[in-house]
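We count residues from 1, following the sequence as given. This is a predicted model, so every value here is computed, not measured.
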Amino acid sequence: MVYIYEAMGLITLVLWIYCLFDVITTPDEAVRNLPKILWVFVVLLFPLVGSVIWLVAGRPQALPPATPHQRRMAGRYPEYDRPGRFEASNPDDDEEFLRRLRERAEEQRRNAPKKKPEDEQD
């Protein structure tokens with residue numbers, strides 16, 4: 001009978017240490033239902049009950065497994081979060097955009113092949 005109490009005490013201690021570490025290392029924005037500091041106090045003050053409550057109600061929910069496409073894209077920026085990406089605006093109000101557009105059009109005109117007049121082709 002003594003061994004059962006010792007085993008239960010050891011299980012409670014391991015669960016308590018795991019949950020306390022988990023609460024401390026979880027990002028603030030991922031914690032559910034209470035602020036992170038309150039979860040620390042709940043787990044510290046009520047080792048067994050607080051640990052179980054943390055696992056059920058406070059721990060971040062597991063994300064669904066990543067699809068193969070998501071795994072390939074890992075580490076890359078999502079389309080709209082790329083650094084240096086310019087926000088869309090009215091092109092008529094953007095003088096720099098219009099200037100670059102005129103320069104590009106002029107460069108294309110200079111590099112275009114010259115057409116011979118029709119009377120010189122024969």
Are [Y] and [X] connected into the same hydrophobic cluster when the rule is that any two of I, L, V, M, F, W, Y join if their side-chain heavy atoms are below 4.5 Å apart?
X: Val40; Y: Tyr18; value: yes
X: Phe46; Y: Ile11; value: no
X: Ile17; Y: Ile53; value: yes
X: Leu44; Y: Val31; value: yes
X: Trp39; Y: Val52; value: yes

Within a strict 4.5 Å, meaning less than it, do heavy atoms of the Arg59 and Thr26 side chains meet?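 The answer is no, as the side chains (C-beta and beyond) never meet within the 4.5 Å cut-off.
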
Should Leu13 and Trp16 count as side-chain neighbours, where that means a heavy-atom distance under 4.5 Å?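 Yes, side chains in contact.
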
Rounded to the nearest 0.5 Å, what separates atom CZ in Arg110 from atom CD in Gln108?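 Atom-to-atom, Arg110:CZ and Gln108:CD are 10.5 Å apart.
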
For the backbone of [Y] and the side chain of [X], can you confirm whether one donor and one acceptor N or O come within less than 3.5 Å of each other?
X: Asn33; Y: Ala57; result: yes
X: Lys36; Y: Ile24; result: yes
X: Arg32; Y: Pro60; result: no

Of Leu20, Val23, Val49, which is the lone residue that meets side chain to side chain contact (heavy atoms under 4.5 Å, CB included) with Trp54?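 That would be Val23; it is the only one of Leu20, Val23, Val49 passing the side chain to side chain contact (heavy atoms under 4.5 Å, CB included) with Trp54.
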
Considering only NZ, NE, NH1 and NH2 on the basic side and carboxylate oxygens on the acidic side, decide whether Arg109 and Glu106 come within less than 4.0 Å.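 So Arg109 pairs with Glu106 through a salt bridge.
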
Test of understanding: with side chain to side chain donor-acceptor pair (under 3.5 Å), list the residues that count as partners of Glu96, not counting sequence neighbours.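 With sequence neighbours excluded, Glu96 shows a side chain to side chain donor-acceptor pair (under 3.5 Å) to Arg99, given in chain and number order.
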
Looking only at non-hydrogen atoms, find the nearest pair between Val43 and Gly50 and report the distance.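 Shortest heavy-atom separation between Val43 and Gly50 comes out as CG2-O, 3.8 Å.
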
